[in-house]
Amino acid sequence: MNITRFSKLLATTSIASLSPLIGDEVTQLEPFNVSTSYNSFDKSFGNRGADSLQLQLPVDTHVSFEDAMNAVPAFHNADSGAASFGNIYSFRGSANTPFFGPSSIAVYIDGVPGLDARAFPEELGTLKSLEFLKGGQPSQIGQPANAGAILIETVTPDPSISRNIATVEVGTDNLLFGSLFSQNSIGNSDAAYSLYLYESRSDGFINNQEDPNSNIGEKKHRGGYLRITAPIVHEIESELSVSWKQARDGEQAYIPLSNDDFTVSKTFDGDTHQDSITTAVKLFKKFDNSKVSWVSSYTDWEIGPYTTLMALSPEFVLDSDLSQENQQWTHELTYAASPTGSANWEIGAYSQRRDISGETSRGIYNFFVFEQSEFSHTTEITALRANGRIKINEALATGLGLRLENSSQELIRNSTIPEPDSNEPTPKDKNSLQGDYFISAKLSDNISSSVRMFLTEKAGGYSTYTSVEELIPFDRERSRGIELNTEWLNNEQTIGLDVSIYTTQIFGCQIERSFTESDYYVVNADEVRSTGGEMMLWWQANEDLNLQFSHAYTNTEFEHYIDPTTGVSYTGNQVPYVPRRSSSININYQINPIISLQNRWTFNSEVYFHEDNSSDLTAGDYSIGEIWLRYKKDSLGIDLGIRNLLDETYISFINAGVFQKVNGNPRQASVKLSLDF
């Protein structure tokens with residue numbers, strides 16, 4: 001049951017007027033879930049659910065993933081500093097474990113499943129809409145999504161449209177961003193393409209007292225996305241898509257907890273390289289009341305070298321060198337039908353194989369190596385799913401979804417230091433039955449409500465970056481939850497209020513452990529309960545002014561957990577990486593036909609970075625604000641903005657193993673020019 005939100009108040013650093021995308025119409029069957037659907041503040045009651053948020057965006061702006069996340073209540077990013085490695089995302093208290101198993105949060109780009117939330121391009125150019133499905137989604141999509149899903153839609157190629165948009169942004173901290181978007185037909189045929197290219201660079205916000213020439217915190221990213229659509233025989237439509245990303249980052253900006261913000265003293269520099277490319281082929285055919293589609297994709301993602309040098313003391317520097325390669329193949333077949341106006345259903349089959357290989361070496365720089373190993377890790381997932389909904393009458397609807405999944409994993413790990421061995425843990429094979437159920441009611445012309453329950457499972461796996469044999473395997477994570485959603489819309493459709501309350505019980509909750517001096521691994525907490533609520537209030541005061549306020553409260557607590565390495569009980573403590581409270585305010589004011597003003601303010605409560613909840617390993621409350629003045633006339637756009645107006649310094653991540661922190665972004669001013677030609 002997904003609440004759909006098409007919002008003018010966008011989580012983006014440069015917001016254009018919310019004009020519809022010309023020629024970019026999409027015919028889509030209703031999901032089996034139940035919700036209210038908002039389209040550019042032209043509201044109408046639809047037949048979906050109430051636990052998702054959708055942002056429809058103008059094509060002439062670029063949006064980063066971080067910008068989009070800040071608009072979603074209960075979605076949080078613990079940023080470890082290197083943009084290409086290490087972020088931990090949480091949805092309603094459930095977090096991903098990036099390296100060792102299936103992600104808690106599924107990611108789809110134009111219907112193509114990705115690796116996970118950390119691996120897709122951070123610049124979401126040519127974006128049409130972003131939908132966040134919150135809570136377990138066992139039957140909605142093929143890719144496992146026990147904590148939620150992010151569905152990204154880019155601009156669909158259209159042979160009737162020819163358009164090009166160039167963008168350049170410059171700012172403090174040596175910020176430089178450039179992008180090019182092109183959309184056109186291919187020759188005189190019905191085939192068309194859309195192409196987006198970008199490059200971004202920044203450097204200068206880390207003050208290295210020892211060596212000012214070391215590029216600590218430097219980021220150089222480039223990437224792109226190509227879509228080609230063409231009709232083939234018997235009215236079958238085809239699509240080819242290719243996306244790629246390259247990151248070349250300097251030293252991960254770890255700073256000792258005792259140091260001043262943005263200040264380090266290092267005579268060395270680390271390095272991070274990441275490259276990824278995804279290719280996909282889609283075939284689909286629409287019938288009168290149904291649609292069948294097939295998607296096959298291949299992703300090649302690698303990181304290496306990933307070199308981090310952290311000063312444990314002036315004499316001892318921890319040297320960590322990692323490399324990892326991922327190859328993933330996915331296939332998904334879906335058939336959706338809506339034979340009557342009161343019922344629809346969908347069935348799907350999904351398969352995935354991921355091969356991971358890598359090497360790790362750790363030691364004290366220029367002294368000795370205390371760990372060296374190589375590994376190969378294979379994961380296979382096969383799933384069958386089905387869901388359906390039926391409209392009982394004008395006021396009531398109900399739906400049921402089921403998922404049957406088999407997952408298997410195998411690890412081969414060879415360690416040469418501390419001692420030669422060959423660990424071949426028993427492969428993990430597991431069958432699971434998952435599902436969800438909802439019932440919704442339209443209580444009046446202004447109020448609708450729904451209840452959803454779900455049971456989902458995330459596979460276990462292996463921690464490949466640890467030399468402690470008993471810590472290598474970790475168990476599956478099972479979740480069951482229930483949520484109540486209520487939506488209100490006034491008669492004039494200018495004010496809306498959405499409220500959700502939920503509780504989720506997680507058994508075997510997978511907790512990510514940061515680098516210690518020698519290990520990086522995942523452990524299972526016996527039982528965790530996440531309870532909370534979310535609300536979103538929006539108001540279109542008039543044609544020129546609209547406002548949005550959201551707030552989320554998330555209490556994620558260990559109900560039973562004893563640390564397997566120390567025997568210490570953390571029962572009753574808060575789970576790391578999850579702030580209890582988060583709020584956002586968005587204001588969009590059209591001063592006149594060519595000038596607009598946009599404001600966005602985000603507030604987060606403290607975040608724990610270790611299960612003991614100690615103050616030393618806790619990031620305090622912080623607030624982020626930004627303001628943009630936009631000039632748009634004909635084909636020219638000019639944006640003037642300042643990011644991070646409130647807290648100039650805040651902690652975005654703490655490494656509990658080596659007691660070092662990562663500061664959030666500093667205050668930054670920039671100007672952006674865009675030309676539509």
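Counting from 1, the numbers follow the sequence of the chain as shown.
Counting all heavy atoms, side chain and backbone alike, Ala147 lies closest to Ser94 at CB-CB, 3.5 Å. Between Tyr350 and Pro144, the shortest heavy-atom distance links the atoms CE2-CD, 4.2 Å. Counting all heavy atoms, side chain and backbone alike, Ser373 lies closest to Arg413 at OG-NH2, 3.1 Å. In plain terms, the two heavy atoms of Ala552 and Glu534 that are nearest each other are CB-CG, 4.0 Å. Here the closest non-hydrogen pair linking Gln143 and Pro113 is OE1-CB, 3.6 Å. Residues Leu433 and Leu455 come closest through the heavy atom pair O-CD2, 4.2 Å.
Between the OG atom of Ser449 and the CG atom of Asn485 there is a distance of 7.0 Å, given to the nearest 0.5 Å. If you take OG on Ser569 and NE2 on His560, they are separated by 6.5 Å, rounding to the nearest 0.5 Å. For the atom pair OG of Ser139 and CG of Leu384, the computed distance is 13.0 Å after rounding to the nearest 0.5 Å. Rounding to the nearest 0.5 Å places CD of Glu325 at 10.5 Å from CG of Asp275. Between Glu483 atom CD and Asp436 atom CG the span is 9.5 Å, to the nearest 0.5 Å. Put simply, OG1 on Thr330 and CD on Gln328 are 6.0 Å apart, with the number rounded to the nearest 0.5 Å.
Looking at heavy atoms from C-beta onward, Asp621 lies in side-chain contact with Glu606 at the 4.5 angstrom threshold. Between Glu346 and Arg385, the closest side-chain pair of non-hydrogen atoms falls below 4.5 Å. At least one side-chain heavy atom of Glu611 sits under 4.5 Å from a side-chain heavy atom of Pro576. Phe454 is not listed as a side-chain neighbour of Phe438, based on a closest heavy-atom distance of 4.5 Å or more. Considering only heavy atoms from C-beta on, Trp301 comes within 4.5 Å of Gln324 through its side chain. Counting heavy atoms from C-beta on, the side chains of Thr379 and Ser407 never come closer than 4.5 Å. Val607 is not listed as a side-chain neighbour of Phe653, based on a closest heavy-atom distance of 4.5 Å or more. Side chains of His331 and Trp294 form a contact here, defined as non-hydrogen atoms less than 4.5 Å apart.
Applying side chain to side chain contact (heavy atoms under 4.5 Å, CB included) to Phe609 and the options Thr618, Ile654, Asn655, Asp616 leaves one that passes, Ile654.
A donor-acceptor contact under 3.5 angstrom links the side chains of Gln574 and Asn555, judged on distance only. Remark: the Ser450 side chain and the Ser440 side chain contain no N/O donor-acceptor pair separated by less than 3.5 Å.
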Next item on the list: Could you walk me through whether Glu527 and Tyr561 pass the side-chain contact (heavy atoms from CB on, under 4.5 Å) test, one step at a time?
Entry: CA-CA 7 Å; Glu527 191 171 344; Tyr561 173 41; over 6 Å; no

Next item on the list: Tell me, with the steps shown, if Ser463 and Leu471 meet side-chain contact (heavy atoms from CB on, under 4.5 Å).
Entry: CA-CA 7 Å; Ser463 300; Leu471 295 178; 5.9 Å; no

Next item on the list: Take Leu411 and Phe375 through the side-chain contact (heavy atoms from CB on, under 4.5 Å) test and state the conclusion after the steps.
Entry: CA-CA 7 Å; Leu411 172 71; Phe375 64 90; 4.2 Å; yes

Next item on the list: Give the C-alpha distance, both sets of side-chain angles, the deciding distance and a yes or no for side chain to side chain donor-acceptor pair (under 3.5 Å) between Thr556 and Ser530.
Entry: CA-CA 4 Å; Thr556 307; Ser530 181; 3.2 Å; yes

Checklist line | Intermediate values then yes/no, side-chain contact (heavy atoms from CB on, under 4.5 Å), Val523 and Phe474 | finding: CA-CA 6 Å; Val523 297; Phe474 59 90; over 6 Å; no

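With Ser605 contributing its side chain and Arg580 its backbone, the two residues share a donor-acceptor pair below 3.5 Å. No donor-acceptor distance shorter than 3.5 angstrom exists from the side chain of Gln274 to the backbone of Lys245, with no hydrogens or angles considered. Under a 3.5 Å cut-off, the side chain of Asp110 and the backbone N or O of Thr154 do form a donor-acceptor pair.
In this structure, Phe558 and Tyr570 have tilted ring planes: the angle between them lies in the 30° to 60° band.
A salt bridge does not link Glu405 to Lys430: none of the charged nitrogens lies less than 4.0 Å from a carboxylate oxygen. Taking the charged nitrogens against the carboxylate oxygens, Arg353 and Glu380 do have a contact shorter than 4.0 Å, which makes a salt bridge. Remark: Arg403 does not engage Glu457 in a salt bridge, criterion side-chain N to carboxylate O under 4.0 Å. Between Lys458 and Glu477 no salt bridge is recorded (no basic side-chain N to carboxylate O distance below 4.0 Å).
With sequence neighbours excluded, no residue satisfies ring pair (Phe, Tyr, Trp, His ring centres under 6.0 Å) with Phe659. Applying the ring pair (Phe, Tyr, Trp, His ring centres under 6.0 Å) test to Tyr502 and every residue at least two apart in sequence or in another chain returns nothing. Residues forming a side-chain hydrogen bond (donor to acceptor under 3.5 Å, both in side chains) with Ser361 (at least two apart in sequence, or on another chain): none.
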